[in-house]
Amino acid sequence: MSDKYQPSQFEKKWIKKWEKDKTYHTYDIKGKEKMYVLDMFPYPSGAGLHVGHPRGYTATDILSRYYRMNNYSVLHPMGWDAFGLPAENAAVKAKKNPIDIVPLNIANFKRQMQMLGFSYDWSREFSTTDPAYYKWTQWLFIQFFKMGLLYKKNTPINYCPKCKTGLAEEEVLANGTHERCGNVIEKKDLSQWLFRITAYADRLLKDLDGLQWPKGILEMQRNWIGRKEGININYRVLSQDDSLKILSRLNSSRLARLKQKVVQNFSSSSYQTIDKITCFTTRPDTNFGATFIVIAPEHGFVEKILNPKSQILNKFEISKSKREEIKKYVDQAKSKSQIERETEGRKKTGVFTGFYAINNLNGRLLPIWISDFVLMGFGTGAVVGVPGHDRRDFEFAKEYKIPVIRVVVGADKDNSEITKKEQVQEDEGIMINSQFLDGMDIHKATIKIMDYLEEKGWGKRKVTYHLRNWIFSRQRYWGEPIPMVYCQNCAINKRNYWNVKTGKEIKKNIEYGILNLESIPNSKFQILNSDLYGWFPLSEDKLPLELPYVKSYEPGESGESPLANIDSFVKTTCPNCGGPAKRETDTMPNWAGSCWYFIRFAQNQKSKIKDQSKESTSIENWKLEIENSAKNWLPVDWYFGGAEHAVLHLLYSRFWVKALQDLKLLDFSEPFLRLRNVGMVLAEDNHKMSKSLGNVINPDEVVKEYGADTMRMYEMFMAPFSQEIAWSTKTLQGVHRFLIRVWNIFQEFRIQNLEFRINKNTEDKKLINKLNQTITKVSQDITAVKYNTAIAMMMEFLNEWEKTCNMKHETCNIKNKNMSLRGSDPAKRGSDEAIPLTTDNAKKFLKILAPFAPFITEEIWRDVFNEKQSIHLSTWPKVEEIEMGDVEITIPVQVNGKLRGTVKIQNSEFRIQNLVVEKALKDENITKYLEGKKYRVIYVSGKILNIVLTGNI
RNA sequence: GUCGGGGUGGCGAAAUGGCAGACGCACUAGCUUGAGGGGCUAGUUCUCGCAAGAGAGUGCAGGUUCGACUCCUGUCCCCGACACCA
């Protein structure tokens with residue numbers, strides 16, 4: 001064995017040995033505590049791992065190794081998220097079928113992960129693209145369908161013209177582009193499968209409270225779900241006659257207008273109502289200040305007034321020119337993309353419909369406007385305008401000269417007229433001009449007015465969400481085929497899954513308890529949705545529905561998936577009537593596979609299910625898997641990955657788990673207990689790494705030059721774990737030097753005589769104390785995911801070890817590898833004084849280093865210490881109380897809080913305050929500040945002495 | 001605009017009420033080496049000083065405390081997410 005640290009000489013050897021010995025195999029729990037440590041599995045791109053990947057993977061590897069050494073049963077698996085747009089787009093570019101490319105990429109990823117020494121149990125590896133896996137994904141889809149959680153709807157959806165597929169709301173960025181390709185999203189009408197994730201909005205929100213996740217991610221999920229409590233208020237749209245009547249009365253009373261008073265003697269029955277507009281508001285307390293109503297261009301009322309045949313126009317004449325004006329505005333607004341609306345700024349535009357509604361509270365006439373600042377997708381698509389207390393409403397009112405009324409006075413007591421945007425009062429305050437609300441604070445008033453409106457039947461409390469139902473169809477080839485069949489004959493006869501009484505299926509549903517939809521909060525599943533006529537799930541024994549291997553799989557222009565062109569795939573028979581039928585040709589989004597892979601890892605026991613492709617998808621088999629294994633491991637204890645999944649994968653998989661819990665297919669409600677985000681690794685030039693900038697660092701090259709341990713330790717040492725950080729080859733070299741020094745100092749144990757190695761009497765007490773501190777610190781830091789400081793502490797220890805070594809034995813200049821002990825005098829070399837640490841204690845240091853640097857520690861463990869079993873299966877060292885003896889400790893001394901000196905005192909005496917003070921007063925540098933002054937003394941035992949001057953004597 | 005994270009040497013950073021700058025990088029000087037590289041020793045927050053030492057110092061302004069990077073109030077700036085959400 002060479003003197004020098006040359007990782008390339010032994011790293012490959014240990015990779016093979018660990019694999020052969022199944023060192024990292026997951027064993028049954030057997031009375032131990034379990035620990036499920038998981039990485040967000042990657043999609044295996046053709047480029048291989050970039051240096052960002054190992055940052056997260058090393059962190060989970062350290063945790064896994066730490067828990068193993070602390071006698072936990074650890075599940076630490078890895079797999080491949082290989083379906084979906086990224087893989088498919090890459091394959092399209094390479095002009096190869098993804099089915100052929102993906103396995104090559106996987107092999108490369110796996111090689112690199114093994115190269116880095118990650119302790120995954122590879123026996124549990126799978127890819128989401130394995131039919132043996134996705135048949136279960138399809139099976140789950142069917143269960144969700146049966147419980148009424150999926151529906152089909154022809155709806156305008158976000159469509160990426162470049163990727164030629166529909167997308168979920170979550171996949172569209174704020175600027176209206178596709179999160180994967182950056183292309184601008186269009187709206188397109190497509191018939192889509194949708195998940196009723198909104199039925200779970202409240203639970204998805206509430207359960208966030210119990211999770212140990214980064215605050216930011218929790219907030220992002222809360223915002224995305226966007227729960228708002230408010231009230232839907234119904235406004236009566238008045239007939240033309242009544243509108244004019246009130247208007248003229250108002251005009252005749254200048255005083256009334258000026259004082260913002262309203263018509264008297266109105267009553268709910270005295271006017272003719274021709275329609276109703278419902279507005280959602282979270283601030284009903286301000287409703288006495290409402291002066292207009294705005295509806296979205298897509299609102300149903302717009303349709304009514306533009307249609308010449310509409311009944312409503314019998315009671316309200318609207319001129320042709322007015323109608324054209326309205327139509328022009330609406331058409332313009334609808335054609336504007338999100339980006340266009342953005343770039344135009346927030347300038348308010350709109351058009352008056354000519355219609356008025358009445359505010360039941362005070363009889364005020366509210367002109368009804370149309371504006372694109374009101375979104376059809378939120379609330380009711382209609383807003384009641386309170387310009388005094390909402391900035392957007394104010395901007396709109398200013399633009400169209402609509403009156404502004406103040407109904408809240410803020411803390412500044414300012415009750416002046418609101419004429420500028422800065423005066424708009426959105427904060428806390430006291431009600432005025434609001435009749436029976438006057439004098440209340442806004443919160444009290446909100447409750448009071450809601451009660452009142454409900455009592456009168458004018459409104460109803462309502463909770464709305466930002467969260468939309470999840471569009472689950474993709475018009476692409478590379479995804480799980482959706483296991484649904486459409487039968488036109490059955491559709492014509494209005495047959496669907498639920499109203500066909502085949503007995504057998506219904507019985508199963510009862511068994512699941514899933515037809516009892518009342519048990520699911522907020523669910524208003526419309527199972528008999530007419531869009532579902534003719535749709536039937538595949539019989540479970542027909543799974544997997546395999547993705548056919550085809551030559552041409554490029555997405556088409558038709559808005560259909562390439563599968564639609566394959567007759568042999570499309571044509572099938574109806575599971576209900578047996579007649580000719582068509583398969584669904586859309587596929588699932590790439591999120592489908594990652595929604596439940598962590599469950600599969602926990603189920604996946606190849607010893608029990610020898611040939612997984614033969615395992616049939618049935619509820620019995622699912623439950624067997626859960627009982628046999630998965631329930632012991634789940635949920636995931638530690639989950640590591642990038643923050644970019646905050647509202648995508650992390651929300652979707654939480655949703656699936658809750659649905660599975662309702663199906664009684666799982667018995668927990670949250671998949672990931674602890675979540676940690678890994679910070680991005682930037683290039684050395686502080687830019688994102690990219691091929692075009694030529695600044696990409698390749699892990700293969702780093703490992704080749706410095707070894708895997710250096711790479712691992714550097715990535716943990718570079719910065720706090722969740723922080724974004726630029727690559728630094730210099731810092732990497734610093735870490736490499738540390739490992740060289742570790743190597744060198746342990747070489748000494750190779751040549752010492754055994755008797756010296758175990759001679760406790762020669763040990764250095766201070767060094768042992770430092771070792772104990774290091775063990776404690778490293779143990780704490782690992783579970784706190786503070787690897788940078790854990791490594792710093794180990795470096796500190798090594799520094800002290802070397803120093804002690806050199807002090808004890810002048811010829812033993814251990815840091816200097818060119819001057820190794822081998823060259824020094826053999827007689828001195830073996831002397832007691834040269835050994836500040838026994839073998840046992842040296843091994844402790846090696847053990848705490850092992851999770852960080854598995855190769856070098858294994859090599860030393862086996863080769864220097866001749867151990868027969870892997871260091872990674874050894875036991876984590878315990879801190880042993882040592883007799884320190886009466887050593888000297890140092891106590892800092894402050895005068896008036898400023899450090900002026902220190903006193904040294906024996907360990908046995910530091911508790912005696914008088915003694916410490918006495919010693920301090922012998923220091924001239926301290927007493928010179930005290931001369932002629934009165935003072936008092938604050939002594940924190942063993943920590944600090946502060947002498948506080950209180951005045952002159 | 002809202003929410004979240006952050007602001008400490010030349011750089012990455014430590015320290016969560018008790019000696020600010022651990023650890024690493026970079027830098028300086030000396031030693032070692034045929035050279036390059038590497039290694040070793042010492043130093044390295046800033047200002048003044050040969051030094052001993054003194055003063056200042058954790059974005060800014062206040063406050064609490066014997067003592068504040070740490071807690072409180074206000075304010076500025078940077079990063080990230082969301083954003084015409086009624």
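A, B, ... follow the sequence lines: proteins, then strands. Residue 1 opens every chain. Because the structure is a prediction, the values reported are computed rather than measured.
Side chain of Tyr929(A), nearest nucleotide from C40(B), A54(B), A83(B): A54(B). The side chain of Pro720(A) lies closest to A14(B) when the candidates are C84(B), A14(B), G39(B). Of the candidates A83(B), A14(B), C84(B), C84(B) carries the atom nearest the Lys348(A) side chain, counting heavy atoms from C-beta on. If you check A83(B), C23(B), G39(B) against the side chain of Arg737(A), the one that comes closest is G39(B). Closest contact between the side chain of Lys777(A) and the listed nucleotides C23(B), A15(B), C19(B) involves A15(B). Distances were taken from every side-chain heavy atom of Met220(A) (C-beta onward) to each of A81(B), C19(B), C84(B); the shortest belongs to A81(B). Counting only heavy atoms from C-beta on, Glu796(A) has its side chain closest to A22(B) among A22(B), A86(B), G24(B).
In this structure, the ring of Phe738(A) has its center no less than 6.0 angstrom from the ring center of Trp743(A). Aromatic ring centres of Trp801(A) and Phe746(A) lie closer together than 6.0 Å. Between Phe797(A) and Phe845(A), the ring center distance clears the sub-6.0 Å criterion. Checked against a 6.0 Å centroid threshold, the rings of Tyr5(A) and His736(A) count as neighbours. Aromatic rings from Trp458(A) and Tyr235(A) are positioned such that their centres are separated by 6.0 Å or more.
Across all strands shown, nothing is found opposite G9(B) as a Watson-Crick or G-U wobble partner with both distances under 3.5 Å. In this structure, G53(B) and C48(B) make a Watson-Crick or G-U wobble pair, each of the two defining distances being under 3.5 angstrom. Taking a pair to require two hydrogen-bonding distances under 3.5 Å in either a Watson-Crick or a G-U wobble arrangement, C71(B) pairs with G63(B). Summarising the base pairing, A14(B) is matched to no nucleotide, lacking a Watson-Crick or G-U wobble pair whose two defining distances lie under 3.5 Å. Pairing for C3(B) goes to G80(B), judged as Watson-Crick or G-U wobble with the two contacts each under 3.5 Å. The partner of U33(B) is absent, by the rule that a Watson-Crick or G-U pair needs both atom distances under 3.5 Å. Figure legend. C27(B) is base-paired to G43(B); pairs are counted as Watson-Crick or G-U wobble with both atom distances under 3.5 Å.
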How would nucleotides 1-7 of chain B be written as a contact map, 5' to 3', with B for base contact, S for sugar-phosphate-only contact and - for no contact, using protein heavy atoms under 4.0 Å?
-> --SSS--
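Taking only side-chain nitrogens and oxygens, Asn925(A) comes nearer than 4.0 Å to OP1 or OP2 of A54(B).
To the nearest angstrom, P of C84(B) lies 14 Å from CD of Glu298(A). Per the geometry, CG belonging to Asn799(A) stands 15 Å off C1' belonging to G39(B), to the nearest Å. Atoms NZ (Lys898(A)) and C1' (G53(B)) sit 15 Å apart, rounded to a whole Å. Rounding to whole angstrom units, NZ of residue Lys730(A) and P of C23(B) are separated by 20 Å. Remark: P of C82(B) and CD of Glu644(A) are 12 Å apart, rounded to the nearest angstrom. In this structure, the CZ atom of Arg227(A) is 13 Å from the P atom of A86(B), given to the nearest Å. Rounded to whole Å, the distance from CZ on Arg900(A) to C1' on G18(B) is 17 Å. The nearest whole Å value for the distance from the CG atom in Asp923(A) to the P atom in G53(B) is 10 Å.
As judged by a 4.0 angstrom heavy-atom cut-off over every strand, Ile947(A) is placed among residues making no nucleic acid contact. When heavy atoms are screened at a 4.0 angstrom cut-off, Thr281(A) is found touching the sugar-phosphate backbone but no base atom. Residue Lys786(A) is classed as a sugar-phosphate contact, given heavy-atom separations below 4.0 Å to backbone atoms only. No engagement by Asp393(A) is indicated, since no non-hydrogen atom pair under 4.0 Å with the nucleic acid exists.
Between Phe280(A) and Phe378(A), the two ring planes are perpendicular [angle over 60°; tilted spans 30° to 60°]. Classification of the His649(A)-His645(A) ring pair by plane angle, with boundaries at 30° and 60°, yields perpendicular.
Annotation for Gln780(A) and Thr783(A): closest pair O-OG1, 3.2 Å, computed over non-hydrogen atoms. Between Pro284(A) and Ile233(A) the shortest heavy-atom distance is CB-CD1, 4.5 Å. Across Ile231(A) and Arg461(A), no two heavy atoms sit closer than the pair CG1-N, 3.8 Å. The two residues Val294(A) and Ser371(A) make their nearest non-hydrogen contact at CG1-CB, 3.4 Å.
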Would you list the protein and nucleotides 62-66 of chain B atom pairs, both N or O, that sit under 3.5 Å from each other?
| unit_1 | atom_1 | unit_2 | atom_2 | d |
| --- | --- | --- | --- | --- |
| C66(B) | O2' | Asn946(A) | ND2 | 3.2 |
| C66(B) | O2 | Asn946(A) | ND2 | 2.8 |

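G9(B): glycosidic angle within 90° of 0, hence syn.
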Show which side-chain atoms of residues 919-926 of chain A pair as donor or acceptor with protein atoms under 3.5 Å away, not counting sequence neighbours.
| unit_1 | atom_1 | unit_2 | atom_2 | d |
| --- | --- | --- | --- | --- |
| Lys919(A) | NZ | Lys904(A) | O | 3.3 |
| Asp923(A) | OD1 | Asn925(A) | N | 2.8 |
| Asn925(A) | OD1 | Lys928(A) | NZ | 3.1 |
| Asn925(A) | ND2 | Arg900(A) | O | 3.4 |

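A14(B) and G6(B) have their P atoms separated by 11 Å, with the value rounded to a whole Å.
Checked by distance alone, Lys943(A) brings no side-chain donor or acceptor within 3.5 Å of a matching partner on the base of C19(B).
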